[in-house]
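Input: a single structure, listed below in structure tokens.
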Amino acid sequence: MFTTLLVALDGGPQHDTLLDLVTHVAGPRSRIHLLCVIDPEFALPADASDADRREYPAAERQRAKAEGLLQDAIAHLRERGVDARPLLPAGDPAEVISTQARELGADLIVIGHRHLSRLQRLLDSSVAQWTLDHAPCPVLVETRGG
């Protein structure tokens with residue numbers, strides 16, 4: 001049984017399927033960390049003033065959307081008897097996922113996979129693929145959602 005799971009969420013079409021998968025692989029003593037990474041272009045420091053938040057409304061909307069996504073995921077899992085902790089760092093999603101997994105001592109990363117065309121992959125690399133190549137632990141990839 002896995003004891004420390006890192007679940008990467010982006011609000012995509014696999015969101016609910018990914019959370020349901022977590023309920024099946026988590027044990028009663030598992031520690032589940034839900035990760036939603038904010039684009040660094042939209043990251044305000046945690047101690048940002050009200051003036052900063054008013055000056056950068058796009059950043060505030062991005063943070064609020066990510067916080068809402070995490071709170072919804074926590075509620076979804078709680079309804080199924082699973083507790084989870086939110087993580088909301090900024091940075092490159094693929095790098096942040098691997099770094100967080102290493103720092104948490106995760107023994108499983110759970111992630112979704114978007115099906116991209118070759119051209120889309122050239123323009124927007126696959127976070128799931130990068131994670132598979134650089135993860136410090138096994139990675140469970142959900143491919144059915146949507």
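All of these numbers come straight from a predicted model, not from anything done at the bench. All residue numbers in this chain count up from 1 along the given sequence.
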Heavy atoms, side chains only, cut-off 4.5 Å: are [X] and [Y] in contact?
X    : Y    : result
L77  : D83  : no
L19  : R80  : no
L6   : L87  : yes
V110 : E142 : no
T131 : P93  : no
R29  : T3   : no
Q100 : I109 : no

For a quick test of reading the model, state the closest non-hydrogen atom pair linking [X] to [Y] and the distance between them.
X    : Y    : result
H134 : R102 : O-NH2, 3.6 Å
C36  : A66  : SG-CB, 3.7 Å
I74  : P86  : CD1-CD, 3.7 Å
A8   : L18  : O-CD2, 3.4 Å
H76  : D20  : NE2-OD1, 3.0 Å
F2   : V25  : CD1-O, 4.1 Å

By side-chain contact (heavy atoms from CB on, under 4.5 Å) - contacts of D133 (at least two apart)
Q129
Could you tell me the separation between the [atom1] atom of [X] and the [atom2] atom of [Y], rounded to the nearest 0.5 Å?
X   : Y    : atom1 : atom2 : value
L5  : I32  : CG    : CD1   : 5.5 Å
L70 : L9   : CG    : CG    : 6.5 Å
L69 : L34  : CG    : CG    : 8.5 Å
R85 : L104 : CZ    : CG    : 9.5 Å

Backbone N/O of G27 and side chain of S30: donor-acceptor pair under 3.5 Å
yes
